[in-house]
2 protein chains.
Amino acid sequence: MTTSFNALIEHFKNYFPLDEKERVELSERFNERKIKRRGFILQQGDVCRHFTFVVSGCFKMYAVDQASKEHNLQFAAENDWITDLSSFYSEKTSSVYIEAIEPSVILQIKHADLLYLYTHFHKFDRNFRIIIEQKYIELQNRVLQSISSTAEERYLSFLEQYPNLANRLPNTQIASYLGITPEFLSKIRKALTHKA
Amino acid sequence: MTTSFNALIEHFKNYFPLDEKERVELSERFNERKIKRRGFILQQGDVCRHFTFVVSGCFKMYAVDQASKEHNLQFAAENDWITDLSSFYSEKTSSVYIEAIEPSVILQIKHADLLYLYTHFHKFDRNFRIIIEQKYIELQNRVLQSISSTAEERYLSFLEQYPNLANRLPNTQIASYLGITPEFLSKIRKALTHKA
DNA sequence: TCCAAGGCTTAAACTAGTTTAAGGGTATTT
DNA sequence: AAATACCCTTAAACTAGTTTAAGCCTTGGA
């Protein structure tokens with residue numbers, strides 16, 4: 001049992017912790033991979049074959065528009081999950097990229113293996129239900145912000161919610177996540193230092 | 001067994017259909033209610049006690065900001081689910097309202113009863129996992145649009161995705177959902193008729 | 001039946017956020 | 001060690017979206 005698997009097993013202690021049998025089944029079905037900075041675990045046009053747990057490092061998921069601009073949908077750092085759910089379950093081609101921002105270590109499970117865990121162990125269905133529910137709540141807060149707050153308010157609440165990420169990410173990536181240009185983020189930051 | 005329950009049981013046929021025992025347990029734990037136009041099933045400051053299935057009619061979920069403006073987070077019409085997940089599971093007070101836009105019929109289950117179904121029947125954990133996953137995918141598409149598309153593009157894709165709702169809702173409600181003012185939506189609509 | 005409350009539009013003045021362009025700084029790569 | 005790519009900022013001109021105000025038309029309640 002590697003330290004990577006320990007991180008995953010610890011992670012499940014936040015939900016319904018796994019028993020011995022479940023831990024064994026889990027470790028037989030998740031595979032460890034190391035990903036370089038700028039390495040992709042999913043590219044637009046490919047089917048998303050894996051559900052990914054981030055052990056260390058950091059990823060971004062983004063879509064590219066007609067004008068070749070990247071738009072960051074989400075980040076995932078240590079102890080977070082990342083996958084294109086839509087492509088993963090439908091097995092249709094994905095419209096997004098998932099790329100490492102830092103050298104990273106991940107644990108991945110294939111579609112068929114996850115279905116095996118769901119079918120044979122009630123607890124995996126339950127734990128993943130709860131994981132997705134929490135991500136749904138985060139996403140809903142983000143939608144609320146995007147329809148009701150200014151860019152400055154959104155930036156401040158990003159800093160508050162992800163202080164850890166804010167240090168590690170270049171501002172261009174944060175701007176893309178907030179839905180504004182890097183130039184405008186620069187203006188906002190300047191205005192904030194003058195306020196403080 | 002009322003026609004309302006039939007609608008719910010039919011709904012589950014889209015996922016893993018229920019067997020006889022599960023149908024009985026379900027019908028013992030969901031309660032039917034009729035809600036008038038402008039009736040609330042959740043108000044800001046209350047704890048969201050129910051998970052709600054809409055049999056007929058239509059609801060909006062919205063937050064109210066400091067300036068007393070309403071911002072629509074989502075709509076739910078026939079055969080859709082609506083609840084403030086965050087408040088429902090945490091049992092903390094909610095920051096949103098859920099209000100009927102039309103006279104409606106709903107089926108509701110309490111927190112403890114849903115936990116009972118989750119615990120005793122693997123299939124409910126699974127079905128609700130899938131339901132939430134689908135809603136997560138929808139929400140993610142909405143986030144992508146909000147960070148990458150103009151208001152006109154968002155309006156057009158709302159019309160495409162919810163042609164049914166677009167007819168039933170006043171434009172003020174759609175504007176609030178899109179995160180723009182009714183005046184600007186009016187401009188967009190005018191520009192579109194001139195294009196067509 | 002009347003009237004109050006929404007709902008839709010128009011228009012003028014305004015503000016938030018983008019675009020284009022340029023310059024300087026700091027990491028990665030070679 | 002040099003070269004290149006990326007990152008951050010500034011500024012001027014522009015465009016998308018808001019605000020305020022007014023007018024008209026429907027709808028539902030008393």
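On a predicted model such as this, the values are computed, not experimentally measured, just so you know.
- In the helix from dT1(C)-dA30(D) to dT30(C)-dA1(D), the terminal helix axes, each the rotation mapping four pairs' C1' atoms onto the next four within five end pairs, subtend 50°, rounded to 10°.
- Shown here are the side chain to side chain contact (heavy atoms under 4.5 Å, CB included) partners of H120(A), two or more places apart in sequence or in another chain: Y116(A).
- Evaluation of the salt bridge (Lys or Arg N to Asp or Glu O under 4.0 Å) rule for E70(B) yields K60(B) as partners, not counting sequence neighbours.
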Where do N or O atoms of nucleotides 19-24 of chain D meet protein N or O atoms at under 3.5 Å, pair by pair?
residue, atom, partner, partner atom, Å
dT19(D), OP2, K69(B), NZ, 3.0

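- Listed by chain and number, the hydrophobic cluster partners of V47(A) come to none, as no ILVMFWY side chain reaches under 4.5 Å of it.
- In this structure D113(A) satisfies the side chain to side chain contact (heavy atoms under 4.5 Å, CB included) test together with R29(A), I109(A), K110(A), sequence neighbours excluded.
- Between the CD1 atom of I147(B) and the C1' atom of dA16(D) there is a distance of 18 Å, given to the nearest Å.
- Cluster partners of F40(A), using a side-chain heavy-atom cutoff of under 4.5 Å among ILVMFWY residues and allowing indirect links, are Y62(A), V64(A), Y97(A).
- The interatomic distance linking R189(B) (CZ) with dC8(C) (P) rounds to 7 Å, in whole Å.
- The interatomic distance linking I188(A) (CD1) with dT9(D) (C1') rounds to 14 Å, in whole Å.
- Judged as a salt bridge (Lys or Arg N to Asp or Glu O under 4.0 Å), and not counting sequence neighbours, the contacts of E32(B) are K34(B).
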What are the atom names and distances for every N/O pair under 3.5 Å that joins the protein to nucleotides 27-30 of chain D?
none

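- K187(A) meets the salt bridge (Lys or Arg N to Asp or Glu O under 4.0 Å) test with no other residue; sequence neighbours excluded.
- Taking D65(A) as the reference, H71(A) meet the side chain to side chain donor-acceptor pair (under 3.5 Å) condition, with sequence neighbours excluded.
- Under the side chain to side chain donor-acceptor pair (under 3.5 Å) criterion, S157(B) pairs with Q145(B), sequence neighbours left out.
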